[in-house]
Amino acid sequence: MPVSFREALGLGEPLPRLKEAWIALRGADSVPPSRFGLSSLRQLHPKIAPPLWFGRQVVERKVILTNLFNHEQSPIEEGWSVKKTRVRDFRGGTLSYDSHNGTDFAIPVGTVVTAAAPARVVRRYVEYNRGGFKLILDHGGGLFTCYAHLARPLVEEGARLERGQAIALSGYSGLDALVTLLFGVPHVHFNVWHDAEPVDPFPHDGEASLWRGGDLPVPAGQDEPFDFQPTLFDAAAVSEAIEACKTAATREALQAIEDPYLRGATLVSEWNYYPTRFPLRPRIVREPRPREGVLTLPFEAERFDGVVFADEL
């Protein structure tokens, strides 16, 4: 579907967006500034990026994976790093960067993004310093997914979703795109949080795949989805983590959420996007589901049937 260049970049309200971008460059309360270097330029893909910006497919019916979860991440206390200094993806390759804790799905701007499993939308918000427009989905049992760099969310907070249901139109909102412009690859940054902690959905180091049907993501099929039940939180553990938060404004905002479920779900997103603010990370999920194949490719099966790795093109 068509989205404007302004919408793709998420610049509907430029002043607050620029203030948020400044946080990435200069840091904020309990958040060190981000780290860049010449190795960061290796993330640019001048052959892949321009067609995607103009809504054109690069590889027929395939989503391109441009960055995978890094299993050798640098200490987050040093600041979010987009350098490539010590990198190992689930294949043993280097398709990632220092602080990358998700999967980047490169797709044409305006692509329909779908729910990777039955879910409830627990958060819809924008932070230009941390992924632009984002949707956070709870899939139950402490399994959450986050979809970042969106252009236009299509669902509201509290919505119940079926597997494969449309949730947004893709773009490249956030500071990343402003810095790299047409050489930066439009993508959906896809976080998976299992037991409320960041994990790689691909099989690795003896851990099972979180993708349904195999090692790689495939589109949603017609078979019966798993029965969705909202995540159960340990209220005492949630309160303990919040009370220990170093940033007063974040702590007070979390404590002001009256619904215990939403307080726990919001904590999951906050401590994963701003880990340096949370010195205590107790187990907050009461009944975590086992690591098993649950997720499907978060795009329409009519348009995509699989993935390819950017370093294999």
Side-chain angles (χ1 to χ4, degrees), residues 1 3 52 55 57-66 68-69 90 102-124 133-171 186-194 199-203 207-231 265 289-309:
M1 294 184 183
V3 297
L52 297 180
Q57 194 74 15
V58 176
V59 181
E60 186 176 358
R61 295 193 56 76
K62 302 296 182 185
V63 178
I64 302 173
L65 301 177
T66 50
L68 301 168
F69 189 102
F90 81 97
T103 302
D104 286 349
F105 292 111
I107 33 79
V109 166
T111 296
V112 174
V113 183
T114 63
R120 174 179 172 175
V121 181
V122 293
R123 204 170 181 197
R124 164 182 160 153
F133 281 103
K134 297 187 291 247
L135 288 171
I136 312 290
L137 273 55
D138 173 23
H139 302 288
L143 179 65
F144 294 80
T145 53
C146 174
Y147 308 72
H149 298 314
L150 304 174
R152 186 191 309 166
L154 302 176
V155 291
E156 301 293 335
E157 290 181 354
R160 298 293 184 113
L161 306 172
E162 298 178 358
R163 183 189 302 277
Q165 183 173 337
I167 61 172
L169 298 181
S170 72
H187 64 274
V188 172
H189 175 80
F190 183 77
N191 285 112
V192 179
W193 302 323
H194 181 251
V199 298
D200 187 352
F202 292 89
E207 295 279 0
S209 173
L210 282 169
W211 299 116
R212 197 176 193 194
D215 292 348
L216 301 180
V218 295
Q222 300 299 317
D223 51 335
E224 188 70 20
F226 73 91
D227 182 28
F228 167 70
Q229 297 293 331
T231 291
R289 67 167 51 250
R291 184 176 170 112
E292 57 188 0
V294 169
L295 306 173
T296 48
L297 189 67
F299 305 102
E300 293 178 311
E302 292 80 5
R303 187 167 183 185
F304 300 100
D305 59 15
V307 298
V308 294
F309 299 98

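Residues take their numbers from the sequence shown, with the count starting at 1. All values derive from a computational prediction rather than experimental measurement.
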Checklist entry - OG of Ser209 to CD of Glu292: how many Å apart, nearest 0.5 Å? => result 11.0 Å
Next on the checklist: Under a 3.5 Å distance rule, please check whether Gln57 uses its side chain to pair with a backbone N or O of Lys62 as donor and acceptor.
Outcome noted: yes
Checklist entry - Sequence neighbours excluded, which residues qualify as salt bridge (Lys or Arg N to Asp or Glu O under 4.0 Å) partners of Arg61? => result Asp305
Checklist entry - Which residues satisfy the salt bridge (Lys or Arg N to Asp or Glu O under 4.0 Å) test with Glu300, sequence neighbours excluded? => result none
Item to check | Crowding at CD, Glu207 (>12 non-hydrogen neighbours, <6.0 Å) | outcome: yes
Checklist entry - Run the side-chain contact (heavy atoms from CB on, under 4.5 Å) check on Phe202 and Thr103 step by step: do they pass? => result CA-CA 9 Å; Phe202 292 89; Thr103 302; 3.8 Å; yes
Next on the checklist: Just so I know, are the side chains of His149 and His187 near enough to count as touching, which here means a heavy-atom distance under 4.5 Å?
Outcome noted: yes
Checklist outcome for this item: Value for CG (Leu169) from CG (Leu154), rounded to nearest 0.5 Å, stands at 4.5 Å
Item to check | Point-to-point distance, once rounded to the nearest 0.5 Å, from CG of Asp138 to CZ of Phe144 | outcome: 4.0 Å
Next on the checklist: Arg120: which residues meet the salt bridge (Lys or Arg N to Asp or Glu O under 4.0 Å) condition with it, sequence neighbours left out?
Outcome noted: none
Item to check | From CZ (Phe309) to CD1 (Ile64), nearest 0.5 Å | outcome: 12.5 Å
Next on the checklist: Quick check against the 3.5 Å criterion: does Ser170 have a side-chain atom that pairs as donor or acceptor with the backbone of Pro108?
Outcome noted: yes
Next on the checklist: Strictly distance-based, threshold 3.5 Å: is any side-chain N or O of Arg124 a donor or acceptor partner for the main-chain N or O of Val155?
Outcome noted: yes
Next on the checklist: Nearest 0.5 angstrom please: Leu210 CG to Arg289 CZ, how far?
Outcome noted: 9.5 Å
Checklist entry - What do the steps show when you test His194 against Leu143 for side-chain contact (heavy atoms from CB on, under 4.5 Å), and what is the final call? => result CA-CA 5 Å; His194 181 251; Leu143 179 65; 4.3 Å; yes
Item to check | Interatomic spacing from CZ in Phe228 to CZ in Arg163 - rounded to 0.5 Å | outcome: 12.5 Å
Item to check | Check: Thr145 side chain, Val192 main-chain N or O, donor-acceptor pair, under 3.5 Å | outcome: no
Item to check | Intermediate values then yes/no, side-chain contact (heavy atoms from CB on, under 4.5 Å), Ile107 and Val188 | outcome: CA-CA 8 Å; Ile107 33 79; Val188 172; 4.1 Å; yes
Next on the checklist: Pair Val113, Leu150 - check side-chain contact (heavy atoms from CB on, under 4.5 Å), show working.
Outcome noted: CA-CA 9 Å; Val113 183; Leu150 304 174; 4.2 Å; yes
Checklist entry - Do the ring planes of Phe190 and Tyr147 sit parallel (below 30°), tilted (30 to 60°) or perpendicular (above 60°)? => result perpendicular
